[in-house]
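Inspection log for the structure reproduced underneath, given as structure tokens.
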Amino acid sequence: MNDRKRVVVITGGSMGIGRAIAMRFAEERPLIQIIHYDRDDSASASTLQMLSRKGVEAESHRVDVSIYQDVERLFANILSKYGQIHVLVNNAGIIRDALFMRMTEDDWDTVIRVNLKSVFNCTHAVLRDMVKKREGRIVSISSVVGQMGNPGQANYAASKAGIMGFTKTIAREVAGRGITVNAVAPGFINTEMTKPIPEKVRKAFLGQIPMGMMGEPEDVAETVYWLCSDAARYITGQVIHVNGGLLM
Ligand code: NAP
């Protein structure tokens, strides 16, 4: 990378995988913009503090990424303040698990809105400017479940499979404009999202992973960072799996 300060927007950057991504980028001293939604700002405040200790300029915004107008407004503000967004990481995501026959319409709609429509919203808000500038990196966090399926996660699996199709399509549309568009599909990663999983289910999951352990947020962050580096300049439209061998 040359010496410019890249502007990096990370949705769901307040904790878990998003925070690890922010910390991985911190080493190049970019300008980081974190988006999260929960009313409680303590997680994003800790991330900002961790970044500041590394000498990184960062801001956090409390915006629901599933709402088009709010995302459009936020990205327009970032663009007018800093002139360019070099990297967009679509990482925000939630689960609302239930076996399909018990899954409500609200479970379905909420997960599709937060996990998939948000990717449309954020990408839409940034792509025109990236095309104009003829540079940009977009990485969206999918999931192994989007490819394998998982009982109780019809909504989540559909949202994550949607990200894969979206990624390949946008990658084709802008490949000639200096923009790469990729997805990272984590397996079973140690974050707040996977904390509530009962011990019995956790053991069963681990039994399916050839490496026999969960991944850490940093494992995913490293892959995202690499996709946004010069080393990956010729990689686009790919789904990179980070799952300890769970899916081969
Ligand atoms: P996490 O610890 O629960 O963090 C989720 C992040 O998303 C938080 O920063 C949260 O911020 C933000 N978020 C949720 N809803 C939002 C909304 N409507 N608008 C803006 N931000 C929102 O989850 P994680 O495990 O790090 O997961 C990160 C991504 O990786 C997700 O897309 C997830 O599906 C994917 N993934 C995770 C795993 C895993 O095993 N952990 C595996 C595969 C894929 P607030 O709480 O402040 O809203």
Side-chain angles (χ1 to χ4, degrees), residues 7-18 21-22 31-41 43-44 58-96 103-133 135-143 146 154-174 177 179-184 193 224 228 237 239:
V7 178
V8 179
V9 177
I10 304 167
T11 72
S14 61
M15 57 202 261
I17 293 172
I21 293 169
L31 204 143
I32 294 184
Q33 302 288 304
I34 280 168
I35 305 172
H36 77 107
Y37 183 53
D38 204 289
R39 205 160 289 278
D40 173 6
D41 278 328
S44 67
E59 288 170 346
S60 146
H61 310 273
R62 203 172 82 76
V63 167
D64 181 348
V65 283
S66 71
I67 299 178
Y68 187 85
Q69 287 81 356
D70 293 355
V71 168
E72 198 181 32
R73 197 174 313 122
L74 171 64
F75 278 70
N77 285 342
I78 297 173
L79 281 170
S80 86
K81 194 164 168 192
Y82 299 110
Q84 187 170 356
I85 292 171
H86 302 84
V87 175
L88 167 64
V89 183
N90 289 309
N91 163 79
I94 56 165
I95 46 173
R96 281 271 199 103
M103 187 172 283
T104 64
E105 185 185 7
D106 188 56
D107 292 335
W108 175 269
D109 286 345
T110 304
V111 168
I112 297 293
R113 271 195 300 107
V114 175
N115 293 7
L116 184 57
K117 177 146 190 265
S118 66
V119 176
F120 167 82
N121 292 345
C122 296
T123 307
H124 215 235
V126 84
L127 198 64
R128 192 179 296 277
D129 190 71
M130 284 183 172
V131 166
K132 219 189 293 167
K133 307 270 168 45
E135 77 170 322
R137 296 290 165 106
I138 299 173
V139 179
S140 303
I141 307 302
S142 175
S143 167
N155 49 0
Y156 184 78
S159 71
K160 296 301 184 179
I163 287 178
M164 294 181 189
F166 176 87
T167 295
K168 292 173 193 191
T169 301
I170 309 305
R172 286 182 189 276
E173 290 188 9
V174 298
R177 310 297 182 102
I179 302 162
T180 69
V181 187
N182 291 290
V184 173
M193 188 179 269
V224 172
C228 297
V239 179

Quick check against the 3.5 Å criterion: does Asp107 have a side-chain atom that pairs as donor or acceptor with the backbone of Thr104? yes
Output the distance between atom CG (Asp70) and atom OH (Tyr37), rounded to the nearest 0.5 Å. 8.5 Å
What are the two closest non-hydrogen atoms of Ile112 and Ala158, and how far apart are they? CD1-CB, 4.2 Å
Quick one: side chains of residues 160-173, donor-acceptor pairs under 3.5 Å with protein atoms, not counting sequence neighbours, listed by atom name and distance.
residue, atom, partner, partner atom, Å
Lys160, NZ, Ile141, O, 2.9
Thr167, OG1, Ile163, O, 2.7
Thr169, OG1, Gly165, O, 2.9

Do Asp64 and Ser66 meet the criterion of a side-chain donor-acceptor pair at a distance under 3.5 Å? yes
In Å, rounded to the nearest 0.5 Å, how long is the span from CG of Leu79 to CE of Met130? 9.0 Å
Find the distance between NE2 (His61) and CG (Leu74) and round it off to the nearest 0.5 Å. 5.0 Å
Minimum heavy-atom separation for Asp38 and Arg62, please, with both atom names. O-CD, 3.3 Å
Looking at side-chain heavy atoms only, is the closest gap between Asn90 and Ile138 below 4.5 Å? yes
Only one of Ser159, Ser142, Ser143, Ser140 clears side-chain hydrogen bond (donor to acceptor under 3.5 Å, both in side chains) with Asn115; which? Ser159
Ile85 and Asp129, any side-chain heavy atoms less than 4.5 Å apart: no
Taking the side chain as C-beta and beyond, is there a heavy-atom pair between His36 and Asp41 under 4.5 Å? yes
Is any side-chain heavy atom of Cys228 less than 4.5 Å from a side-chain heavy atom of Val139? yes
Using side-chain heavy atoms (C-beta onward) and a distance below 4.5 Å, is Gln33 in contact with Val9? yes
Any side-chain to backbone donor/acceptor pair from Lys133 onto His86? Under 3.5 Å, distance only. no
So, taking the atom named CE in Met15 and the one named CD1 in Ile34, what distance separates them when rounded to the nearest 0.5 Å? 12.5 Å
Please name the residue in the list Thr123, Val7, Ile10, Ile179 that meets the side-chain contact (heavy atoms from CB on, under 4.5 Å) test with Leu88. Thr123
Which atoms form the tightest heavy-atom contact between Ala125 and Val71, and what is the distance? CB-CG1, 4.2 Å
Ala92 versus Val65, closest heavy-atom pair with distance: CB-CG2, 3.9 Å
Where at least one partner belongs to residues 72-81, residue pairs that pass side chain to side chain donor-acceptor pair (under 3.5 Å), sequence neighbours excluded: Glu59-Lys81
Report the distance from atom CD1 of Ile67 to atom NZ of Lys117, rounding to the nearest 0.5 Å. 8.5 Å
For Phe75 and Cys122, work out which heavy atoms get closest and say how close. CZ-CB, 3.8 Å
Roughly how far apart are Met103 CE and Asn155 CG, rounded to 0.5 Å? 3.5 Å
